[in-house]
Amino acid sequence: MRFAVVILPGSNCDDDAIHVISNILGNECVSVWHKDTDLKGADCVIIPGGFSYGDYLRAGAIAKFAPVMEAVRGHAAHGGLVIGICNGFQVLTEAGLLPGALMRNERLRFVCRDVHLRVETIATPFTALFEKGELLTAPVAHGEGNFHADEATLDELERNDQIVYRYADAEGRITAAANPNGSSRNIAGIVNRERNILGLMPHPERVCESVVGGVDGLKIFRSLVSSFATAR
């Protein structure tokens, strides 16, 4: 399975993602510059965290116009896998590839800490190796991670089983105290209706080695590789 990591001006988690894919998973991984229009044969595209184009206007608002995004849209339209992490999630919503919007955190402060996530669905390539209700721990680091959508859209996400992760406490309870940014219904990550595009605010690529604090995030990438191999 071949991965591509998109590098936008202001990306700062691209090397982390490349390291995980290449050195930990042992899969082929290429980098794709924001001006490129060729995804180099990638099966899965990762849009990493950071501050693309300085997050001017809104986080992800300028990145959606990057030439590479046309290639990402085409890749996704043909069923190709896409993951947007943190700023990447913001880019995906701005580009219309995922519903909703990421707004300023409820308390208007940058949040940087570990959170607990509860897996809400295993019917995605990104969660195929998980059990429903399983908990994982990953860090968040964002100022605009407050997922918002109107009630009709939120109900549709619920109805279509598109909510992949929710912020939870250490016992797996969905509480206001466990929500780091005020996200509607404690939503931390969603997929599109076709289930090939994932956006999430926490950083799984930062918890793939015990030396840096945990390995919970590695299961997401392993789920992808396993699902891809099964589908072929």
Pairing of [X] and [Y] as salt bridge, 4.0 angstrom limit:
{"X": "Arg185", "Y": "Glu151", "value": "yes"}
{"X": "Arg73", "Y": "Glu70", "value": "yes"}
{"X": "Arg166", "Y": "Glu120", "value": "yes"}
{"X": "Arg58", "Y": "Glu94", "value": "yes"}

In this structure, would [X] and [Y] fall into the same cluster of hydrophobic residues linked by side-chain contacts under 4.5 Å?
{"X": "Ile24", "Y": "Met1", "result": "yes"}
{"X": "Met69", "Y": "Phe51", "result": "no"}
{"X": "Ile7", "Y": "Val30", "result": "no"}

Between the side chain of [X] and the main-chain N/O of [Y], is any donor-acceptor distance below 3.5 Å?
{"X": "Ser22", "Y": "His19", "answer": "no"}
{"X": "Lys40", "Y": "Ser31", "answer": "yes"}
{"X": "Glu158", "Y": "Ile163", "answer": "no"}
{"X": "Ser226", "Y": "Arg222", "answer": "no"}
{"X": "Ser223", "Y": "Leu129", "answer": "yes"}
{"X": "Asp150", "Y": "Thr153", "answer": "yes"}
{"X": "Thr127", "Y": "Thr121", "answer": "yes"}
{"X": "Ser183", "Y": "Phe147", "answer": "yes"}
{"X": "Asp43", "Y": "Gly80", "answer": "no"}
{"X": "Asn196", "Y": "Ala76", "answer": "yes"}

* Asked: Who pairs with Asp169 by salt bridge (charged side-chain N to carboxylate O under 4.0 Å, His left out), at least two apart in sequence or on another chain?
  -> Arg173
Distance-minimising heavy-atom pair for [X] and [Y]:
{"X": "Leu92", "Y": "Gly199", "result": "CD1-CA, 4.5 Å"}
{"X": "His34", "Y": "Pro67", "result": "O-CD, 3.3 Å"}
{"X": "Ala168", "Y": "Arg118", "result": "CB-CB, 4.1 Å"}
{"X": "Ser227", "Y": "Thr124", "result": "OG-O, 4.5 Å"}
{"X": "Val191", "Y": "Leu98", "result": "C-CD2, 3.7 Å"}
{"X": "Ala138", "Y": "Pro202", "result": "CB-CB, 4.1 Å"}

* Among side-chain atoms of Asn87 and Asn12, is any donor-acceptor pair under 3.5 angstrom? -> no
* Between Ser11 and Asp14, is any side-chain donor less than 3.5 angstrom from a side-chain acceptor? -> no
* **Partner residues of His116 under the ring-ring contact (aromatic ring centres under 6.0 Å, His included) criterion, sequence neighbours left out** => none
* To do: Using side-chain hydrogen bond (donor to acceptor under 3.5 Å, both in side chains) as the criterion, list what pairs up with Arg195, not counting sequence neighbours.
  => none
* Structure fact -> dist Cys86:SG -> Leu200:CG (nearest 0.5 Å) comes out at 9.0 Å
* Asked: Phe130 vs Tyr165 aromatic rings, parallel, tilted or perpendicular, using cut-offs 30° and 60°?
  -> perpendicular
* To do: Determine, step by step, whether Asn186 and Asn179 satisfy the side chain to side chain donor-acceptor pair (under 3.5 Å) criterion, reporting the C-alpha distance in whole Å, the side-chain angles of both residues, the deciding distance to 0.1 Å, and the verdict.
  => CA-CA 6 Å; Asn186 280 49; Asn179 190 333; 3.3 Å; yes
